[in-house]
Amino acid sequence: QDEPLTGRRFRRRELQRRKTQENKYMEYNVKLSRPYIRIRRPDGISFGGSQEWFEEKTIRDFGCGLIGAADVLLYVSRPAQAGEESRNAASGEEGTPEIPYEEYGRHVAALKRHFPIIPGFGMPGWFLSVGFNIIFRRQKSPYRARWGIPHRRLFSSIAEMLRQDI
């Protein structure tokens, strides 16, 4: 007969559930095959952009989707590299091309029309997929974005995208 899960028994079962979940996530050990973008700023190198760099309040406060989109588009637009050079580049070692901060800022500004930010809210996920698909179609890219992956398939979908280097 099952008694209610309270106190110690509940915590033990919850810990077991979390450990099982963590093990499930650990099986998705996948790495990028090309170097991630590096932004050269006066204070050093950054891997990817930051909404905190922008003076425009809307971007600074609610621009994480726009910055994420900018980083993804820069990453997929770079040619894949093979062999040792790619491994060194992916780890951030010498040989990885750097993007000047000013160029990155222009890139983000150009993307604002495809990835609109709602002041006080940010950007709904489906805005991201629409913006990506507009750009992918315009560039005749083989990529397509989709919104609405069920939670139970989230990590397997992310792992599959990483395996395909997208």
Side-chain angles (χ1 to χ4, degrees), residues 22 25-26 28-82 84-151 153-166:
E22 286 174 14
Y25 299 149
M26 295 306 288
Y28 302 115
N29 186 8
V30 183
K31 296 182 180 180
L32 297 173
S33 65
R34 47 185 139 177
Y36 197 68
I37 61 170
R38 294 172 48 151
I39 314 296
R40 184 178 0 97
R41 292 189 28 92
D43 56 345
I45 300 295
S46 173
F47 288 90
S50 171
Q51 67 198 70
E52 295 176 3
W53 297 343
F54 293 84
E55 292 180 14
E56 187 179 326
K57 184 171 175 37
T58 306
I59 294 177
R60 195 176 57 249
D61 292 348
F62 306 101
C64 59
L66 175 62
I67 299 303
D71 288 2
V72 166
L73 290 168
L74 284 169
Y75 176 78
V76 299
S77 70
R78 303 187 76 189
Q81 297 177 349
E84 188 64 33
E85 185 179 331
S86 176
R87 281 191 291 281
N88 290 342
S91 67
E93 296 178 21
E94 291 302 314
T96 305
E98 297 170 357
I99 300 166
Y101 166 71
E102 297 78 17
E103 184 180 325
Y104 182 80
R106 288 190 297 274
H107 174 66
V108 169
L111 291 176
K112 281 174 41 179
R113 65 183 265 224
H114 298 300
F115 298 97
I117 300 171
I118 300 170
F121 177 73
M123 185 181 310
W126 66 272
F127 277 31
L128 283 169
S129 63
V130 169
F132 279 129
N133 286 328
I134 288 169
I135 291 169
F136 291 155
R137 283 189 179 96
R138 185 173 293 150
Q139 295 178 346
K140 296 180 175 45
S141 168
Y143 298 123
R144 292 296 173 261
R146 182 174 70 176
W147 182 251
I149 295 172
H151 182 71
R153 289 187 37 229
L154 181 64
F155 289 98
S156 61
S157 297
I158 291 170
E160 183 57 30
M161 289 187 300
L162 288 171
R163 278 188 207 95
Q164 295 177 22
D165 199 36
I166 54 175

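Annotation: the span from L111 atom CG to L73 atom CG amounts to 6.0 Å, rounded to 0.5 Å.
Residue pairs meeting the salt bridge (charged side-chain N to carboxylate O under 4.0 Å, His left out) criterion with at least one partner in residues 59-69, sequence neighbours excluded, are K57-D61. Applying the salt bridge (charged side-chain N to carboxylate O under 4.0 Å, His left out) test to every pair with at least one member in residues 39-54, sequence neighbours left out, gives these pairs: R40-E98, R41-D43.
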Anything under 3.5 Å between a donor and an acceptor, one on a side chain of residues 113-130, the other on a protein residue two or more places apart or in another chain? List them.
residue: H114; atom: NE2; partner: R138; partner atom: NH1; Å: 3.1
residue: S129; atom: OG; partner: W126; partner atom: O; Å: 2.9

Under 3.5 Å, which donor-acceptor pairs do the side chains of residues 101-109 form with other protein atoms, sequence neighbours left out?
residue: Y101; atom: OH; partner: W53; partner atom: O; Å: 3.1
residue: Y104; atom: OH; partner: D71; partner atom: OD1; Å: 2.7
residue: H107; atom: NE2; partner: A70; partner atom: O; Å: 3.2

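By the side chain to side chain contact (heavy atoms under 4.5 Å, CB included) test, E56 pairs with T58, I59, K112, sequence neighbours left out. In this structure R137 satisfies the salt bridge (Lys or Arg N to Asp or Glu O under 4.0 Å) test with no other residue, sequence neighbours excluded.
When every heavy atom of A145 is checked against every heavy atom of F132, the shortest pair comes out as CB-CB, 3.7 Å. The minimum heavy-atom distance linking S46 with G48 is given by the pair OG-O, 2.7 Å. The two atoms that bring F62 and Q51 nearest to each other are N-NE2, 4.0 Å, heavy atoms only.
Checked against the 6.0 Å centroid threshold, Y143 and F136 count as a close aromatic pair.
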